Amino acid sequence: MTIRVVIVDDQAMVRAGFAALLSAQADIDVVGEAPDGRQGVQVSRSTHPDVVLMDVRMPEMDGLTAAREILDPPPGVVHRPRVLMLTTFDIDDYVYEALRAGASGFLLKDAPPADLIAAVRVVASGEALLAPSVTRRLIADFVQQRPAPRKDPALRLKGLTPRESEVLELIARGLSNQEIAGHLVLAEQTVKTHIGRVLAKLDLRDRAQAVIFAYEAGLVRPGDSA
């Protein structure tokens, strides 16, 4: 199945470079581009992509606002693509908010071409958080600068079994499914089943939101290691 992609970035050279790279892949089709968030939302709703590559800082409407509009559309808009934020480390706070809004992860704009291609495929398949170890450190930094975890997420943790809580904790620490399976001595398919149950019980969209939830609920703390 071909992955339909929309690229939203205010730099024409970036859009052109990403489009050329992705279009050269047999399984990826770039169906639209936009120079700002407002047009990005419009293009996304007219072309129905699977993945939107969204820059964070843009004129007219920034990437965070655009991501929120795409991921939480008004009544009557059914299609909701996955959003992959494009960022640099000096604007990470925007990425944190984007993950909370439902974005599937982030990609550094200077990442190697192979990472961009892999990121699109990973996000399109329903996974999230490319380079999870980097994302873990990123979110840990945010949490260190924010208020103590809210009570509501902590209360919601009580609905999980001990094993599901273990799996959620390891997701938040940046482990892949394979690494979680090895850590808990489980089959990888069993890990996937546990993750599915965690997301369903906590009403979370994907792994990205699971990481945010785990930190806000106090299940993991900055500096924890697996």
Side-chain angles (χ1 to χ4, degrees), residues 3-25 27-72 79-139 141-142 174 205-209 211-212:
I3 302 170
R4 297 167 59 83
V5 176
V6 163
I7 302 169
V8 186
D9 194 293
D10 62 334
Q11 296 181 327
M13 289 292 289
V14 171
R15 296 198 308 273
F18 282 4
L21 177 65
L22 294 173
S23 296
Q25 310 307 308
D27 60 336
I28 299 176
D29 184 15
V30 177
V31 297
E33 300 178 25
D36 61 64
R38 192 177 306 283
Q39 292 185 51
V41 173
Q42 296 171 351
V43 171
S44 175
R45 288 182 181 160
S46 64
T47 60
H48 294 178
D50 300 300
V51 178
V52 177
L53 291 177
M54 181 74 73
D55 189 19
V56 173
R57 284 185 173 173
M58 293 178 291
E60 298 295 328
M61 178 187 287
D62 64 35
L64 176 57
T65 303
R68 285 175 174 151
E69 290 207 9
I70 289 173
L71 294 168
D72 187 19
H79 182 71
R80 286 205 313 169
R82 293 186 173 271
V83 175
L84 183 63
M85 304 302 295
L86 301 172
T87 186
T88 56
F89 273 109
D90 63 338
I91 49 175
D92 290 333
D93 197 47
Y94 288 88
V95 180
Y96 176 88
E97 295 300 334
L99 291 174
R100 291 192 65 189
S104 292
F106 77 96
L107 183 70
L108 298 179
K109 294 183 75 171
D110 60 356
D115 285 1
L116 171 64
I117 296 168
V120 169
R121 289 172 177 156
V122 166
V123 169
S125 72
E127 292 293 327
L129 291 178
L130 182 71
S133 61
V134 176
T135 304
R136 181 186 68 245
R137 293 196 301 271
L138 186 66
I139 296 174
D141 287 342
F142 297 150
R205 185 177 180 186
D206 56 27
R207 295 172 78 102
Q209 290 195 328
V211 172
I212 298 295

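Here the structure is a predicted model, which means the values were calculated and not measured. Heads up: numbering here begins at 1 and tracks the sequence.
Here the closest non-hydrogen pair linking Gly37 and Met58 is N-CE, 3.6 Å. When every heavy atom of Pro49 is checked against every heavy atom of Pro81, the shortest pair comes out as O-CB, 3.2 Å. Closest heavy-atom contact between Val8 and Gly40: CG2-CA, 3.8 Å. Residue Gly32 comes nearest to Val43 through the heavy atom pair CA-CG1, 4.0 Å, listed as atom of the first residue, atom of the second, then distance. The nearest pair of heavy atoms linking Arg45 to Glu69 is NH2-O, 2.9 Å. Asp36 approaches Pro59 most closely through the heavy-atom pair CB-O, 3.1 Å.
Under the 4.5 Å side-chain criterion, counting only non-hydrogen atoms from C-beta, Gln25 is not in contact with Val120. Looking at Val14 and Ile7, their side chains never come closer than 4.5 Å, going by heavy atoms from C-beta outward. Looking at Asp10 and Asp55, their side chains come closer than 4.5 Å, going by heavy atoms from C-beta outward. Side-chain contact between Val56 and Asp62 is absent, with no heavy atoms from C-beta onward closer than 4.5 Å. Residues Leu86 and Asp9 have side chains in contact (heavy-atom distance under 4.5 Å, counting atoms from C-beta outward). Counting heavy atoms from C-beta outward, Asp29 and Ser23 have side chains that stay 4.5 Å or more apart. For the pair Ile3 and Arg121, the minimum side-chain heavy-atom distance is below 4.5 Å. Between Arg4 and Thr47 there is a side-chain heavy-atom pair separated by less than 4.5 Å.
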### Message
As a quick check of understanding, evaluate side chain to side chain contact (heavy atoms under 4.5 Å, CB included) for Leu53 and Val5, giving each step before the final call.
### Response
CA-CA 7 Å; Leu53 291 177; Val5 176; 4.3 Å; yes
Before you tell me yes or no, could you show the steps for Ser104 and Val123 under side chain to side chain contact (heavy atoms under 4.5 Å, CB included), namely the whole-Å CA-CA distance, both residues' side-chain angles and the distance that decides it to 0.1 Å?
CA-CA 7 Å; Ser104 292; Val123 169; 3.8 Å; yes
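Atom CE of Met54 is separated from atom CZ of Arg82 by 15.0 Å, given to the nearest 0.5 angstrom. Distance check, rounded to the nearest 0.5 Å: CD1 of Ile117 to CZ of Phe18 gives 11.0 Å. Here His79 contributes atom NE2 and Ser46 contributes atom OG; the two are 10.0 Å apart, rounded to the nearest 0.5 Å. Separating the NZ atom in Lys109 from the CE atom in Met85 is a distance of 10.5 Å, to the nearest 0.5 Å.
No option in Arg15, Gln11, Glu60 other than Arg15 meets the side-chain contact (heavy atoms from CB on, under 4.5 Å) test with Pro35.
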